[in-house]
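Here is the naming used below: chain letters follow the sequence lines, and residue numbers restart at 1 for every chain.
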There are 2 protein chains.
Amino acid sequence: MQVRALPPTTVARLPGYLRSLGGLASEGVLTTSSEQLAELVGASPAQLRKDLSYLGAGGRRGVGYEVDHLRKQIAQALGMTEERRFVIIGIGNLGHALATYTGFSDRGFVLVGLFDADPEVIGTTVGGHAVQDVAHLEDVVTAADASIAVVATPASVAQATTDRLVAAGVTGVLNFAARTVRVPDGVDVREVDLGSELQILGFHARQRAGAPAAPVESVEPVPDPTA
Amino acid sequence: MQVRALPPTTVARLPGYLRSLGGLASEGVLTTSSEQLAELVGASPAQLRKDLSYLGAGGRRGVGYEVDHLRKQIAQALGMTEERRFVIIGIGNLGHALATYTGFSDRGFVLVGLFDADPEVIGTTVGGHAVQDVAHLEDVVTAADASIAVVATPASVAQATTDRLVAAGVTGVLNFAARTVRVPDGVDVREVDLGSELQILGFHARQRAGAPAAPVESVEPVPDPTA
DNA sequence: TCATGTGAACTCCTTCACAGCT
DNA sequence: AGCTGTGAAGGAGTTCACATGA
């Protein structure tokens with residue numbers, strides 16, 4: 001046996017590892033260490049070794065990891081050995097950018113359909129794909145056997161759209177709509193709310209401005225003046 | 001005293017709570033319960049109460065939370081009582097979409113500058129803002145007192161751009177570039193890698209296809225056949 | 001000698017369950 | 001009676017530190 005159960009946190013870090021390994025490979029590096037790779041991805045060497053050990057990564061003690069082998073190993077764990085087809089629903093500003101984003105195809109994902117509900121948008125070509133009427137969503141998802149969908153619709157229709165996608169056989173949803181969507185067990189959702197990301201940064205900016213909240217990691221251990 | 005220290009996980013959930021509360025408010029709902037709100041955001045009631053208790057949320061036992069008061073409380077915790085100015089660097093497909101994305105201004109963030117290095121892009125107008133030469137980055141960040149930056153540059157210049165931003169006084173960076181950026185203590189980064197998000201979904205898709213890895217949550221508690 | 005692999009300690013987060021107000 | 005607030009229990013993830021093997 002090789003792989004048992006990967007903690008979700010480990011899975012979430014694997015793409016980053018793979019990215020950095022790709023960088024090393026393109027520089028002609030053949031072997032790396034947990035310390036070097038950790039530095040590149042911004043993690044601790046111990047965490048990296050623990051993560052890789054779940055994969056049965058096959059590092060050599062005293063030597064390190066073979067870059068190429070490690071890449072294959074992670075790619076396999078992430079299911080990149082098979083082709084994954086995906087669709088994008090909602091071709092507004094964000095959907096448009098996502099449709100032309102090279103980061104998806106770079107990683108082996110194949111875009112098989114763009115959909116929108118706006119007659120003005122339907123029929124236009126974006127990134128080499130004609131935008132189709134969202135009414136035909138199920139047909140395409142089924143015919144192309146798409147397992148992943150990117151939802152970039154207005155918040156008001158995000159849930160209904162997701163329900164349709166799931167009914168059509170999609171098992172993974174990347175949701176950019178400003179609304180949390182519910183899915184049945186066995187289906188996976190990742191919520192990406194760009195506004196929330198800024199707000200989280202805003203929280204920390206507030207801390208720095210001297211607001212009464214979370215402990216600010218001061219460089220020097222200042223003695224508590226209230227003590 | 002009111003607020004002490006918010007766990008990072010709690011901070012990350014607050015924007016979602018705020019979003020759902022906004023929905024309730026627009027429906028004219030005056031009071032809510034941890035159970036109702038938890039259902040909306042997809043969390044457990046206990047977690048919600050715990051999170052809100054860190055804020056000194058002021059729910060009434062036997063009654064619930066006053067929607068309007070709670071919104072103010074969370075908004076304050078997130079530093080939304082002050083205006084936050086931000087800039088976007090890299091006006092490619094993604095940067096373009098981000099510049100016209102309404103989710104930022106909806107939440108009180110004020111865009112004060114767009115930057116790019118491409119002469120073809122510099123001078124064009126996107127979302128009512130003229131794209132400026134990235135050479136002038138520091139001037140604008142300083143003059144407008146921008147505390148947050150959105151990095152949507154090619155990976156190759158993401159680190160250098162971030163360094164410049166930090167030197168100019170930015171304390172929060174939202175990084176979309178396909179490379180992890182390093183920042184000094186006291187500066188906050190959030191990495192959003194869209195390709196990674198799909199890959200994480202790809203992992204789970206692979207599980208479902210019957211791959212030898214993580215435990216699939218089966219609907220029925222199947223007895224272990226190896227026992 | 002060197003860097004991995006890994007049990008164990010530790011820290012953090014979540015869930016539980018009920019006391020405490022309204 | 002009802003729902004929050006919260007110690008305490010439980011679970012998960014991270015870090016430590018060293019045995020292990022090249």
Partners of [X] by side chain to side chain donor-acceptor pair (under 3.5 Å), sequence neighbours excluded?
X       : value
B/Glu35 : none
A/Asp68 : A/Lys72
B/Arg60 : none
A/Glu66 : none

Rounded to whole angstrom units, what separation is found between the [atom1] atom of [X] and the [atom2] atom of [N]?
X       : N      : atom1 : atom2 : answer
A/Asp51 : D/dA12 : CG    : C1'   : 14 Å
B/Lys50 : D/dG7  : NZ    : P     : 7 Å
A/Leu6  : D/dT14 : CG    : P     : 13 Å

ask   = What salt bridge (charged side-chain N to carboxylate O under 4.0 Å, His left out) pairs are there with at least one residue in residues 145-158 of chain B, not counting sequence neighbours?
value = B/Arg85-B/Asp145
query = Which residues pass the salt bridge (Lys or Arg N to Asp or Glu O under 4.0 Å) test with A/Glu82, sequence neighbours left out?
reply = none
message = According to salt bridge (Lys or Arg N to Asp or Glu O under 4.0 Å), who are the partners of A/Arg179, at least two apart in sequence or on a separate chain?
response = none
All ring-ring contact (aromatic ring centres under 6.0 Å, His included) counterparts of B/Tyr101, not counting sequence neighbours = B/Phe104
remark   = Ordered by number, residues from residues 8-38 of chain A within less than 4.0 Å of DNA chain C (heavy atoms) are A/Ser33, A/Ser34
query = Hey, where on DNA chain C does chain B first and last touch, going 5' to 3'? Cut-off is any atom under 4.0 Å from a heavy atom.
reply = C/dC13 to C/dT22
query = Restricting to pairs with a member in residues 193-204 of chain A, which pass side chain to side chain donor-acceptor pair (under 3.5 Å), not counting sequence neighbours?
reply = A/Asp193-A/Ser196, A/Asp193-B/Arg19, A/Asp193-B/Arg107, A/Ser196-B/Arg107, A/Glu197-B/Arg190, A/Gln199-B/Arg107, A/His204-B/Asp188
request  = Determine the minimum heavy-atom distance between B/Gly16 and B/Val41, stating which atoms define it.
outcome  = O-CG1, 3.8 Å
Between protein and nucleic acid, restricted to nucleotides 17-19 of chain D and to nitrogen or oxygen atoms under 3.5 Å apart, what atom pairs and distances do you find?
residue, atom, partner, partner atom, Å
D/dA17, N6, A/Arg49, NH2, 3.4

query = Toward the 5' end of DNA chain D, which comes first, B/Ala57 or A/Pro7, by nearest nucleotide?
reply = B/Ala57
